[in-house]
Student: 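Sharing a structure below in structure tokens format, with a few things to ask.
Model, not experiment: these values are computed from the prediction.
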Amino acid sequence: MVVLAFAAVPAQAAVISKSTTGAAGRAVYIKNGDWDLFARDPLTDGHCARWQERAPGGSSWSWKGNSICTSSEGWAAFARSGYSYRICRTGIGNCSSVATLP
């Protein structure tokens, strides 16, 4: 007997994209509730793209992972299902809308 298991994340949610002026990011589903976060910042004004994370039920945001300061997309961090994320520009304070990872 062969048993196949599939992730509970729907196919259309396998990649979630977020952006704000000068910063863009993608959350890519890996497996078992784990995600990879990628970011890029094409502006050359000394600021960088970086993700922020908020725990389920939490009210405060914390910086997550690496700052990416180039127009080439780079890996920024691991992420977890159930947590909320947004891409921001360091030193500027503008952030994207929020995505809660399924």
Student: What are the two closest non-hydrogen atoms of L101 and A27, and how far apart are they?
Tutor: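 Here L101 and A27 meet closest at CD2-CB, 3.9 Å.
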Student: Just checking, any donor-acceptor pair under 3.5 angstrom between side chains of W75 and N66?
Tutor: no
Student: What are the two closest non-hydrogen atoms of K18 and A99, and how far apart are they?
Tutor: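 Where K18 meets A99 most closely, the heavy atoms are CE-CB, 3.5 Å.
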Student: Find the distance between CD (Q52) and OG (S84) and round it off to the nearest 0.5 Å.
Tutor: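 Interatomic distance, Q52 CD to S84 OG, rounded to 0.5 Å: 11.5 Å.
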Student: Are W61 and C88 packed together at the side-chain level, in the sense that at least one heavy-atom pair is separated by less than 4.5 angstrom?
Tutor: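 No - every pair of side-chain heavy atoms lies 4.5 Å or more apart.
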Student: Check whether any side-chain heavy atom of E73 sits under 4.5 Å from a side-chain heavy atom of D41, and report yes or no.
Tutor: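 Heavy-atom side-chain distance check fails, nothing below 4.5 Å.
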Student: Does the ring of W51 carry R86 above it, NZ/CZ under 6.0 angstrom from centre and within 45° of its axis?
Tutor: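 No, R86 does not lie over the aromatic ring of W51.
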Student: Donor-acceptor pair, distance only, cut-off 3.5 Å: does the side chain of R50 make one with the backbone of G65?
Tutor: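 Flag set: sc R50 to bb G65 pair under 3.5 Å.
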Student: Say you draw a straight line from CZ of R40 to OG of S19; how long is it, rounded to the nearest 0.5 Å?
Tutor: 8.0 Å
Student: When hydrophobic residues are tied together by side-chain contacts of less than 4.5 Å, even through go-betweens, does F38 share a cluster with W63?
Tutor: no
Student: Go through it in stages, so that I can follow the logic: the residues are S67 and T90, the test is side-chain hydrogen bond (donor to acceptor under 3.5 Å, both in side chains), and I'd like the CA-CA distance, side-chain angles, deciding distance and then a yes or no.
Tutor: CA-CA 8 Å; S67 294; T90 60; 5.1 Å; no
Student: Kindly indicate whether the side chain of R26, heavy atoms from C-beta on, has any atom under 4.5 Å from the side chain of D36.
Tutor: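 They are not in side-chain contact.
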Student: Rounded at 0.5 Å granularity, tell me how far NE2 in H47 sits from SG in C69.
Tutor: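 Result: 10.5 Å between the selected atoms.
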Student: What's the shortest heavy-atom distance between S81 and Y29, and which atoms?
Tutor: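 So the two residues come closest at OG-CE1, 4.4 Å.
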Student: Could you tell me the separation between the CD1 atom of I87 and the CG atom of L37, rounded to the nearest 0.5 Å?
Tutor: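 So the CD1 of I87 and the CG of L37 are separated by 8.0 Å.
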Student: Would you say the side chain of Y85 lies within less than 4.5 Å of the side chain of R80, judging by non-hydrogen atoms?
Tutor: yes
Student: Regarding Y83 and E53, is there a side-chain donor-to-acceptor distance under 3.5 Å anywhere?
Tutor: no
Student: Return yes if some donor-acceptor pair links the side-chain N/O of S71 with the main-chain N/O of P42 below 3.5 Å, else return no.
Tutor: no
Student: If I take atom CD1 from residue I92 and atom OG1 from residue T20, how far apart are they, to the nearest 0.5 angstrom?
Tutor: 10.0 Å
Student: I68 and A76: which non-hydrogen atoms are nearest, and at how many Å?
Tutor: CG1-CB, 4.4 Å
Student: Indicate if F78 and V28 have the same hydrophobic cluster label, given that clusters are the connected sets of ILVMFWY residues with side-chain heavy-atom separations under 4.5 angstrom.
Tutor: yes
